[in-house]
Amino acid sequence: MRINWNYIKVIALLAIVTGLYAFSNHRSNVKKIDGLNIEFVGDQNLYITEAMVNKLLIQNYGSFKNVPKEKLVLNKIEKIIETNKMVKNAQVYLTINGELEARIVQRKPIGRIEGESKFYLDEEGKRMPLSMTHSARVPIITGKVTGKSLEDVYEILKYINADQFLRKNVIGIHVADVDKYELRFRLEQFTVHLGGVDGLEEKFNNFKAFYTKANRDKTLDNYNVVSLEFNNQVVCTKI
């Protein structure tokens, strides 16, 4: 019987390739992890540091040093990082080079409540604790902060953050009472009485038209109160 050497060569080659792949895969799985590389996504200031993340993981997961890759539970590591109240989202993965990486997105504060309880209000309208590492430059919220007024303040803050002029100039919101919100500005001495959160676009458009004219006429310093509470009107009280 004639032996088909080509057939045998193909089988031998496949066996060698399979063996090398299995050996390489085994070596990759048992390769030790040196540690975790942390990247904070975005250009925000850090409300949580790498040291805080590492401490959190050591306390809840243990050290990564010399741990084989096959024993890592990436989903568990992500959930542990996300238990920190400064973290919005965490993604943990292994690179092609076998390094352990974590990409962390922080929560973003848009207002700071100053009352019996002190906390940030984040971009989703949720409470966010103050940070020991950085203080956010956001409008300060004072006055009668309740569940309802906090919801209204969030709507005002969302509008302010979406408008370049307002975002640059509004430094505070005071809750005088239900549906009575007052705005404080960075440079101007007057207080803006906003009223409720109904018709915010119309109110702020009217205010910006007033501001542009008064600034051109150099009369901004003449006013103590600028009220937007009345329908389609800007009512000013002089000093």
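Residues take their numbers from the sequence shown, with the count starting at 1. These numbers come from the heavy atoms of this one structure, side chains and all, not from hydrogens, waters or symmetry mates. Quick caveat, the model's predicted, so the values are computed rather than measured.
Criterion: ILVMFWY side-chain heavy atoms under 4.5 Å apart, direct or through other members. Under it, Ile113 and Met128 are not part of a common hydrophobic cluster. When the side chains of ILVMFWY residues are joined at heavy-atom separations under 4.5 Å, either directly or via intervening members, Ile104 and Leu72 end up in a single hydrophobic cluster. Under the 4.5 Å side-chain contact rule for hydrophobic residues, Ile141 and Leu121 share a cluster. Under the 4.5 Å side-chain heavy-atom criterion for grouping Ile, Leu, Val, Met, Phe, Trp and Tyr, Tyr181 is connected to Val192 within one hydrophobic cluster. If you chain together hydrophobic residues whose side chains sit under 4.5 Å apart, Val175 and Val138 never meet in one group.
Taking 4.0 Å as the cut-off between side-chain N and carboxylate O, Glu114 and Arg112 count as a salt-bridged pair. Between Glu155 and Lys158, at least one side-chain nitrogen of the basic residue sits less than 4.0 Å from a carboxylate oxygen of the acidic one, meeting the salt-bridge criterion.
Gln106 contributes no side-chain N or O that, together with a main-chain N or O of Met86, makes up a donor-acceptor pair within less than 3.5 Å. Between the Tyr223 side chain and the Glu188 main chain, no donor and acceptor come within less than 3.5 Å of each other. Without hydrogens or angle criteria, Tyr120 side chain to Lys126 main chain gives no donor-acceptor distance under 3.5 Å. Side chain of Arg103 to backbone of Tyr93: no donor-acceptor contact under 3.5 angstrom is found. One N or O on the side chain of Ser149 and one on the backbone of Lys144 form a donor-acceptor pair closer than 3.5 Å.
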Report task. For side-chain contact (heavy atoms from CB on, under 4.5 Å), just list the numbers for Glu78 and Asn75, CA-CA rounded to whole Å, side-chain angles, deciding distance to a tenth of an Å, and then say yes or no. Result -> CA-CA 5 Å; Glu78 290 175 347; Asn75 185 54; 3.9 Å; yes
Requested in this report: Could you check Asp163 against Phe204 for side-chain contact (heavy atoms from CB on, under 4.5 Å), going step by step and ending with a plain yes or no?
Outcome: CA-CA 10 Å; Asp163 185 282; Phe204 281 123; over 6 Å; no
Requested in this report: Using the side-chain contact (heavy atoms from CB on, under 4.5 Å) rule, take Leu183 and Leu166 through it: C-alpha gap first, then chi angles, then the decisive distance, then the call.
Outcome: CA-CA 10 Å; Leu183 306 183; Leu166 297 173; 5.8 Å; no
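Arg184 approaches Ile140 most closely through the heavy-atom pair NH2-O, 3.8 Å. When all heavy atoms of Ala136 and Pro109 are compared, the pair lying nearest together is CB-CG, 3.7 Å. Considering every non-hydrogen atom in both Leu74 and Leu94, the closest pair reads CD1-N, 4.4 Å.
The local environment of NZ in Lys208 is crowded, with over 12 non-hydrogen atoms from other residues, nucleotides or ligands closer than 6.0 Å. Taking a 6.0 Å sphere around CG of Asp221, one finds it holds 12 or fewer heavy atoms contributed by other residues, nucleotides or ligands. Few gaps surround NZ on Lys118; more than 12 heavy atoms of other groups in view lie less than 6.0 Å from it. The environment of CZ in Arg137 is sparse: at most 12 heavy-atom neighbours from other residues, nucleotides or ligands sit within 6.0 Å. For Glu99, the CD atom counts as densely surrounded, since its 6.0 Å shell holds more than 12 non-hydrogen atoms of other residues, nucleotides or ligands.
In this structure, CD in Glu151 is found 8.5 Å from OG1 in Thr146, a value given to the nearest 0.5 Å. Atom CG of residue Leu157 and atom CD of residue Glu123 lie 12.0 Å apart, to the nearest 0.5 angstrom. Atom CG of Leu194 and atom CG of Asp152 lie 10.0 Å apart (nearest 0.5 Å). Here Glu229 contributes atom CD and Lys203 contributes atom NZ; the two are 7.5 Å apart, rounded to the nearest 0.5 Å. Leu220 CG to Leu187 CG: the interatomic distance, rounded to the nearest 0.5 Å, is 10.0 Å. Taking CD of Gln233 as the start and CG of Leu228 as the end, the distance is 11.0 Å to the nearest 0.5 Å.
Looking at Val153 and Val145, their side chains never come closer than 4.5 Å, going by heavy atoms from C-beta outward. A heavy-atom distance below 4.5 Å is found between the side chains of Arg127 and Leu150. Val73 has its side chain out of reach of Ile77: every pair of non-hydrogen atoms, C-beta onward, lies at least 4.5 Å apart. No side-chain heavy atom of Val92 sits under 4.5 Å from any side-chain heavy atom of Lys79.
Every side chain to side chain contact (heavy atoms under 4.5 Å, CB included) that Val105 has, sequence neighbours left out, goes to Val41, Lys88, Asn89.
Note on ring orientation: taking the six-membered ring where Trp is involved, the planes of Phe207 and Phe190 are perpendicular (angle over 60°, cut-offs 30° and 60°). Aromatic ring pairs are classed by plane angle as parallel below 30°, tilted from 30° to 60° and perpendicular above 60°; the pair Tyr211 and Phe185 is parallel.
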Contacts table for residues 45-59: side-chain donor-acceptor under 3.5 angstrom, sequence neighbours left out:
unit_1, atom_1, unit_2, atom_2, d
Asn45, ND2, His134, NE2, 3.1
Thr49, OG1, Met52, N, 3.2
Asn54, ND2, Glu50, O, 3.2

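Residue pairs that meet the side-chain hydrogen bond (donor to acceptor under 3.5 Å, both in side chains) test with at least one member in residues 164-174, sequence neighbours left out, are Thr142-His174.
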